[in-house]
A.B. asks: 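Mind looking over this structure? Questions follow.
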Amino acid sequence: MNKTVLVVEDNPANMKLVVMLLGTLEVTVLQAFNAPEALDLAHTGHPDLILMDIQLPGMDGMELTRILKQDETTRPIPVLALTALALKGDEERIMAAGCDGYIAKPIQYRSFLAIVKQILTPSAPSQGIRP
Ligand code: MN
């Protein structure tokens, strides 16, 4: 797939897993381990999708998403939050920050790949997607 995905994730094991899963889609993967790296790659790497860990050291994924959505060059890039947060109200806060969707950790491989594929190829039939 001729697409680029930016993964923002500070945990090396989680990063490795997401990169491995994305590898099955044959997309180009950019890796950012903190907010400054993510901001840089969001501008220079021209990603088609950003997978955003919410809990990051320093600036968190919600603040980072707000900044990306306030910048007209990065605003159109879909942002999917990846987070273990599951308290009532978390999803609302994540969506209010400007994220376009939400995937709960631990990642369910099949639905994760189906959702990513659906976002990268909107015309593909959406069979069996259960977020
Ligand atoms: Mn994290």
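Each ligand, and each atom within it, is numbered from 1 in the order the structure gives. Residue numbers run from 1 in the order of the sequence given. What you see below is based on every heavy atom in this structure, not just the backbone, and it leaves out hydrogens, waters and symmetry mates.
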A.B. asks: Specify whether an N/O/S atom of Glu9 falls short of 2.8 Å from the Mn ion (ligand 1).
C.D. replies: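 Short answer: no, not a single N, O or S atom is under the cut-off.
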
A.B. asks: Whether the side chain of Lys69 engages the backbone of Thr74 through a donor-acceptor N/O pair (distance < 3.5 Å, no angle test) should be reported.
C.D. replies: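 Judged by distance alone, no pair lies under 3.5 Å.
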
A.B. asks: Please give the atom name: the N, O or S atom of Asp10 nearest to the Mn ion (ligand 1).
C.D. replies: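 That would be atom OD1.
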
A.B. asks: Give a yes or no on whether a salt bridge exists between Glu72 and Arg75, defined as a side-chain N under 4.0 angstrom from a carboxylate O.
C.D. replies: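 No, this pair does not count.
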
A.B. asks: For the Mn ion (ligand 1), give me the closest N/O/S atom belonging to Asp53, just the atom name.
C.D. replies: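 Nearest N/O/S atom: OD2.
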
A.B. asks: Would you say the side-chain atoms of Glu9 pair up with the backbone N or O of Asn11, donor to acceptor, closer than 3.5 Å?
C.D. replies: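 Pair found, side chain donor or acceptor close to backbone of Asn11.
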
A.B. asks: Please check: side-chain N/O of Asp48 versus main-chain N/O of Thr4, any donor-acceptor pairing under 3.5 Å?
C.D. replies: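 Between the backbone of Thr4 and the side chain of Asp48 there is a qualifying donor-acceptor contact (under 3.5 Å).
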
A.B. asks: Strictly under 2.8 Å, is the Mn ion (ligand 1) approached by any N, O or S atom of Asn11?
C.D. replies: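 For Asn11, the answer is no, given that no N, O or S atom comes within less than 2.8 Å of the Mn ion (ligand 1).
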
